[in-house]
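This report concerns only the one structure given below.
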Amino acid sequence: MEVLFVLGLPPLGALLLALLGARRFAAELNVGISLATLVAAGLLVMRVFRHGSLLVWHDQFLVDSFNVFLVALTAFVGFTTALFSRPYMRIEEDHGRLNSRRLRLYHSMYQIFMGAMFLALLTNNMGLLWVAMEAATLSTVLLVSLYRTKASLEAAWKYFIICGVGIALALFGTILLYFAAEQTLGREGTTALLWTHLNAVKTHLEPHVMGLAFAFLLVGYGTKVGLVPLHSWLPDAHAEGPTPVSAVLSGLLLNVALYAVIRCKILAEGSIGAVLPGRMLMGFGLLTAVVGAFLLWRQRDIKRLFGYSSVEHMGIITFAFGLGGPISNFAALLHMTLHSLTKSSIFFTAGHASQTAGTQHMDDIRGLVSISPTIGWGLMLGSIAILGMPPFGIFASEFLILTTAMR
């Protein structure tokens with residue numbers, strides 16, 4: 001029942017907001033739907049904690065300790081972002097940047113985006129996972145282009161093309177995965193793509209086909225993660241889209257895409273019987289972290305700056321998952337959680353700061369501590385936290401990753 005609520009509330013809310021999204025109370029309705037989804041996710045966490053992993057609806061949906069953790073994180077950040085977007089989008093409307101039609105589009109697409117991410121996390125079917133990731137891409141294209149300026153349309157088009165290529169590669173990898181599964185499981189139709197079935201026979205899957213499938217899946221879903229060299233869409237989408245969209249893109253969508261990669265890595269490692277998938281994650285992750293860090297110093301747009309920061313941190317998390325082992329996996333999950341919470345809060349404060357200053361150019365955003373102490377101190381503390389300075393939690397996760405890598 002909890003799975004039904006988590007999966008059903010966002011599309012139901014999207015339909016309701018498509019009808020009522022232009023009304024003045026639409027923002028409150030969006031918050032209410034997000035709160036109900038958060039409560040359902042909390043109940044789902046409690047059920048898994050008490051009864052263990054669940055397979056529901058003819059094994060089409062899987063709930064285990066890995067994805068239920070991400071479901072709870074996604075629901076929480078989705079709720080806090082809905083809260084933030086309520087005053088932020090009204091100020092944008094008052095400034096003439098948005099009208100009632102675009103607000104209706106924003107509220108309905110926001111819930112479709114959340115629903116697509118929950119579907120990607122909870123599905124047990126690798127084919128349905130691909131469909132959910134494509135739905136998340138299409139909904140966020142509309143959100144990034146919400147302002148309808150030349151820059152936002154260009155960013156949305158770039159996002160659509162690059163991620164469309166990535167999704168196409170992931171589709172080919174999924175087809176190869178089905179081909180490998182069919183050789184072992186027989187002609188079972190779509191059930192051959194059920195992750196639990198594949199995981200049970202992963203040592204019998206054709207290693208050469210699985211190696212090729214993982215390469216396509218890593219590059220395909222890695223595009224959505226923001227891994228170098230297919231990362232260039234991410235800072236543009238962050239800079240030109242509404243700030244609440246930047247918060248959920250950076251804090252949630254990148255996690256869901258990386259979740260898909262890790263599910264595929266488990267199957268590939270079992271089939272190949274080697275450390276190659278982990279080494280590939282380590283290589284892409286390290287390259288992404290280094291490139292993201294070097295690109296940070298050139299930025300003058302505050303949202304683009306934190307967009308490149310997301311590239312760097314997703315590289316660190318990918319590297320940690322590539323290392324493998326209980327400590328490294330724990331550090332990766334810890335870093336993923338702290339990055340989502342910290343980066344979304346940074347975008348909240350950065351959004352209010354740019355609204356207060358009337359610009360996103362960092363040289364023109366001054367005197368926040370005196371003008372608006374809450375925003376100023378929040379942005380400063382968030383920036384220190386995302387740098388990994390003690391005593392903030394990201395320092396602990398990065399220290400664990402570093403010591404594990406040295407060991």
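Not measured: the values here are computed from a predicted model.
When every heavy atom of M133 is checked against every heavy atom of A120, the shortest pair comes out as SD-CB, 4.1 Å. The shortest non-hydrogen separation linking S271 to L205 is OG-O, 2.9 Å. Heavy-atom minimum distance, Y221 versus M126: OH-O, 4.5 Å. Scanning all heavy atoms of the two residues, the minimum distance from G222 to V261 falls at N-CG2, 4.3 Å. Minimum interatomic distance between A181 and A192 (heavy atoms only, all atoms of both residues): CB-O, 3.3 Å. Contact between S340 and G251 at its shortest, heavy atoms only, is OG-O, 2.6 Å.
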Derivation and outcome, side chain to side chain contact (heavy atoms under 4.5 Å, CB included), residues V248 and F113: CA-CA 9 Å; V248 290; F113 173 59; 3.5 Å; yes

Working for side chain to side chain contact (heavy atoms under 4.5 Å, CB included), residues H339 and S310: CA-CA 8 Å; H339 174 257; S310 295; 3.8 Å; yes

Derivation of the side chain to side chain contact (heavy atoms under 4.5 Å, CB included) call for F118 and V71: CA-CA 6 Å; F118 287 128; V71 165; 4.0 Å; yes

Side chain to side chain donor-acceptor pair (under 3.5 Å) between T342 and S345, intermediate numbers included: CA-CA 5 Å; T342 307; S345 63; 5.4 Å; no

Audit row: T74, N255, side chain to side chain donor-acceptor pair (under 3.5 Å) steps and yes/no: CA-CA 9 Å; T74 301; N255 291 349; over 6 Å; no

Evaluation steps, side chain to side chain contact (heavy atoms under 4.5 Å, CB included), between N329 and L333: CA-CA 6 Å; N329 287 335; L333 286 171; 5.5 Å; no

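A side-chain N or O of H208 and one of E206 form a donor-acceptor pair less than 3.5 Å apart. Judged by distance alone, the side chains of T37 and S34 never bring a donor and an acceptor atom under 3.5 Å apart. Side-chain atoms of K343 and S309 include a donor-acceptor pair closer than 3.5 Å.
Side-chain contact check for M380 versus T349: every heavy-atom pair is 4.5 Å or farther apart. Side-chain contact between L217 and F172: absent, with no pair of heavy atoms (C-beta onward) separated by less than 4.5 Å. You'll find the side chain of I302 reaches within 4.5 Å of the side chain of L379, heavy atoms only. Under the 4.5 Å side-chain criterion, counting only non-hydrogen atoms from C-beta, K202 is not in contact with E269. Residues H313 and E398 are in side-chain contact: their nearest non-hydrogen atoms beyond the backbone lie under 4.5 Å apart. Side chains of V56 and L62 form no contact here, defined as non-hydrogen atoms less than 4.5 Å apart. You'll find the side chain of V144 reaches within 4.5 Å of the side chain of L249, heavy atoms only. Looking only at side-chain heavy atoms (C-beta outward), S53 and V48 stay at 4.5 Å or farther from each other.
Environment of CZ in R148: crowded, with over 12 heavy atoms of neighbouring residues, nucleotides or ligands closer than 6.0 Å. Taking a 6.0 Å sphere around CZ of F179, one finds it holds 12 or fewer heavy atoms contributed by other residues, nucleotides or ligands. More than 12 heavy atoms of other residues, nucleotides or ligands lie within 6.0 Å of OH in Y147, so this atom counts as buried by the packing criterion. Within a 6.0 Å radius of CG in L296, other residues, nucleotides and ligands contribute more than 12 heavy atoms. No more than 12 heavy atoms of other residues, nucleotides or ligands shown are found within 6.0 angstrom of CZ on F160.
Between H352 and F84, the ring-plane angle classifies as perpendicular under the 30° and 60° cut-offs. Using cut-offs of 30° and 60° for the angle between ring planes, the F61 and W57 rings count as perpendicular.
Atoms CZ and OH, on F294 and Y308 in that order, are 14.5 Å from each other to the nearest 0.5 Å. Distance check: F330 CZ to H335 NE2 gives 13.0 Å after rounding to the nearest 0.5 Å. Summarising the geometry, atom CG belonging to L287 is positioned 9.0 Å from atom NE2 belonging to H231; distances are rounded to the nearest 0.5 Å. To the nearest 0.5 angstrom, N67 atom CG is 13.5 Å from I262 atom CD1. Distance OG1/T174 to CG/L128: 11.0 Å, rounded to 0.5 Å. In this structure, SG in C163 is found 7.5 Å from CG in L253, a value given to the nearest 0.5 Å.
Listed for the N30 side chain is no donor-acceptor partner under 3.5 Å among the backbone atoms of A82. The backbone N or O of L143 lies less than 3.5 Å from no partner atom in the side chain of T140, so there is not a single donor-acceptor pair. When atom types are taken as modelled, the side chain of E240 and the backbone of S145 share no donor-acceptor pair closer than 3.5 angstrom. The backbone N or O of G78 lies less than 3.5 Å from a partner atom in the side chain of Y110, making a donor-acceptor pair. Without hydrogens or angle criteria, W130 side chain to A170 main chain gives no donor-acceptor distance under 3.5 Å. At least one donor-acceptor pair closer than 3.5 Å links the side chain of W233 to the backbone N or O of T223. Between the side chain of K303 and the backbone N or O of G241, at least one donor-acceptor pair lies under 3.5 Å. The main-chain N or O of L103 is found under 3.5 Å from a side-chain atom of H107 such that the two form a donor-acceptor pair. Put simply, the side chain of S354 gets close to the backbone of G351: a donor and an acceptor are under 3.5 Å apart. Remark: side-chain polar atoms of N124 are paired, donor with acceptor, to backbone N or O of T196 under 3.5 angstrom.
Taking the six-membered ring wherever Trp is involved, the centroid distance between the rings of H238 and F347 falls below 6.0 Å. Within the 6.0 Å centre-distance limit, the rings of F66 and Y259 are counted as a close aromatic pair.
Salt-bridge annotation for R90 and E28: present, with a side-chain N of the basic residue lying under 4.0 Å from a carboxylate O of the acidic one. Checked for salt-bridge contact, R47 and D64 miss the test: no charged N lies under 4.0 Å from a carboxylate O. Of the charged side-chain nitrogens involved, none lies within less than 4.0 Å of a carboxylate oxygen, so that R97 and E93 do not count as a salt-bridged pair.
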